Amino acid sequence: MPTGAKHGVSNVPCGVFAFSPDGRALVSCHEDGCVLLHAGDLSGTPVKVGGHQGPVLAACYSADGRRLLTAGQDGLVKLRLASGQELLT
């Protein structure tokens, strides 16, 4: 688990966030590489998905909201389903 992350919540500053096109989901990406999936209204507990080794620099949802792309300072770009399941690195 990345430094500062406990029980699905990161205590490290968020550097990047993005809403899904329909506004029902939000991804927050943190300086410790942690990627969290939230409900768009911030209700409930966010879900931690595999992150990056270092700060996450960019995140965006696909136009249909079914996929999520993140890019980190580690030089990796990760494609996931909106549920968080990693498809490609």
Side-chain angles (χ1 to χ4, degrees):
M1 192 177 283
T3 303
K6 293 183 179 180
H7 309 294
V9 178
S10 179
N11 296 322
V12 175
C14 174
V16 174
F17 68 91
F19 279 96
S20 62
D22 64 6
R24 295 176 58 199
L26 170 72
V27 60
S28 65
C29 303
H30 300 263
E31 293 176 4
D32 63 355
C34 184
V35 176
L36 298 173
L37 303 178
H38 306 261
D41 63 2
L42 299 178
S43 64
T45 302
V47 175
K48 180 181 174 287
V49 299
H52 290 268
Q53 299 296 315
V56 182
L57 304 176
C60 66
Y61 281 91
S62 60
D64 63 8
R66 293 175 41 195
R67 288 171 301 281
L68 172 64
L69 195 68
T70 60
Q73 189 171 345
D74 57 7
L76 298 177
V77 174
K78 296 188 177 200
L79 177 64
R80 299 177 170 86
L81 292 177
S83 64
Q85 178 186 353
E86 192 170 312
L87 298 174
L88 295 169
T89 297

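Counting begins at 1 with the first residue of the sequence. None of these values were measured; they are calculated from a predicted model.
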Search all heavy atoms of [X] against all heavy atoms of [Y] and return the closest pair with its distance.
| X | Y | value |
| --- | --- | --- |
| Ala71 | Val77 | CB-CG2, 4.1 Å |
| Ser43 | Ala39 | O-CB, 3.6 Å |
| Ala18 | Cys60 | CB-CA, 4.4 Å |
| Gly65 | Pro21 | CA-CD, 3.8 Å |
| Lys78 | Thr89 | CG-OG1, 4.0 Å |
| Ala59 | Val16 | N-CG1, 3.7 Å |

> Would Leu68 and Val49 satisfy side-chain contact (heavy atoms from CB on, under 4.5 Å), going step by step from the backbone distance to the final call?
Replying inline: CA-CA 11 Å; Leu68 172 64; Val49 299; 5.8 Å; no
>> With a 4.5 Å cut-off on side-chain heavy-atom distances among I, L, V, M, F, W and Y, is there a chain of contacts connecting Leu76 to Leu88?
In response: no
>> Check for me, please, whether Leu36 and Phe17 land in the same ILVMFWY cluster - side-chain distances under 4.5 Å, paths through other members count.
In response: no
>> If I take atom CD from residue Gln53 and atom CG from residue Asp32, how far apart are they, to the nearest 0.5 angstrom?
In response: 10.0 Å
>> Just checking Glu86: does its CD atom have more than 12 heavy atoms from other residues, nucleotides or ligands closer to it than 6.0 angstrom?
In response: yes
> In a check of side-chain contact (heavy atoms from CB on, under 4.5 Å) between Val56 and each of Cys29, Cys34, Ser28, which one passes?
Replying inline: Cys29
>> Quick one: does any side-chain atom of Ser62 pair with a main-chain N or O of Arg67 as donor and acceptor, under 3.5 Å?
In response: yes
